[in-house]
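What follows is a set of notes on a single structure, which appears directly below.
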Amino acid sequence: LPIGVGRVTLCPIIIQLWQGEPEGLEVWGKDPKKKQSGTPDDLAKLVFEAMQELKWEIKEEIFDTPVNVKVTKKDLPDLTLIDMPGMTYI
């Protein structure tokens, strides 16, 4: 997920962990037809790209349209997590 100081998460990030096969990772913003696939190593990059795409479409600094992440793997629990936008100071 995005890492940094200050405002890092610009929108909610909905992370769905699914137990199953085939194993994979999908990330999309407003339009599920524009899903991007990758590996867990690509997660931060794909989430950042989806947030930037939404930022250009919505033209606001923080917005409520979520970025969706779906991770499928055979040894994961079925679980949904939501990362909300906010500030962080380290």
Side-chain angles (χ1 to χ4, degrees):
L1 295 175
I3 298 172
V5 176
R7 187 177 20 207
V8 178
T9 304
L10 305 176
C11 62
I13 302 173
I14 300 173
I15 305 163
Q16 298 175 312
L17 304 179
W18 290 68
Q19 184 178 46
E21 291 189 29
E23 294 185 0
L25 170 74
E26 297 176 324
V27 177
W28 69 96
K30 201 159 137 180
D31 186 358
K33 295 177 187 171
K34 294 183 179 179
K35 287 182 184 177
Q36 295 186 25
S37 299
T39 67
D41 294 335
D42 301 326
L43 178 60
K45 179 179 136 261
L46 293 174
V47 168
F48 179 78
E49 288 173 359
M51 278 195 300
Q52 292 303 313
E53 181 180 320
L54 286 171
K55 183 177 177 181
W56 285 108
E57 288 179 20
I58 297 173
K59 301 197 182 339
E60 294 180 17
E61 287 298 315
I62 295 180
F63 38 93
D64 58 3
T65 303
V67 168
N68 296 277
V69 177
K70 181 179 177 184
V71 180
T72 306
K73 197 169 180 181
K74 64 180 177 181
D75 60 350
L76 286 179
D78 290 340
L79 181 66
T80 299
L81 306 166
I82 301 174
D83 180 19
M84 299 299 289
M87 299 291 286
T88 179
Y89 295 97
I90 298 175

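Every value quoted in this text rests on a predicted model; they were computed, and no experiment measured them. The figures that follow rest on heavy atoms only: side chains count, while hydrogens, waters and symmetry mates do not.
Note that CD1 of I15 and CG of L79 are 9.5 Å apart. Values are rounded to the nearest 0.5 Å. Rounding to the nearest 0.5 Å places CD of E49 at 10.5 Å from CE of M51. Rounding to the nearest 0.5 Å gives a distance of 12.0 Å between NZ of K73 and CD of Q19. Atom CD1 of I62 is separated from atom NZ of K55 by 10.0 Å, given to the nearest 0.5 angstrom. A distance of 6.5 Å separates OG1 of T72 from CD of E26, quoted to the nearest 0.5 Å. Between atom CG of residue L76 and atom CD of residue Q16 there is a gap of 12.5 Å, rounded to the nearest 0.5 Å.
A50 approaches V27 most closely through the heavy-atom pair CB-CG1, 4.1 Å. Residues F63 and P12 approach most closely at O-CD, 3.4 Å, considering heavy atoms.
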Step by step, work out the side-chain contact (heavy atoms from CB on, under 4.5 Å) result for K33 and W28.
-> CA-CA 8 Å; K33 295 177 187 171; W28 69 96; over 6 Å; no
Given side-chain contact (heavy atoms from CB on, under 4.5 Å), test L10 with L54 step by step and report yes or no.
-> CA-CA 9 Å; L10 305 176; L54 286 171; over 6 Å; no
All N/O donor-acceptor pairs, side-chain side in residues 34-44, below 3.5 Å, sequence neighbours left out:
unit_1 : atom_1 : unit_2 : atom_2 : d
T39    : OG1    : D41    : N      : 3.4
T39    : OG1    : D42    : OD2    : 3.2
D42    : OD2    : T39    : N      : 2.9

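More than 12 non-hydrogen atoms from other residues, nucleotides or ligands lie less than 6.0 angstrom from CG of D31.
Clustering of Ile, Leu, Val, Met, Phe, Trp and Tyr by side-chain heavy atoms under 4.5 Å joins M84 with I14, I82.
L81 and W18 end up in different hydrophobic clusters when Ile, Leu, Val, Met, Phe, Trp and Tyr side chains are linked at under 4.5 Å.
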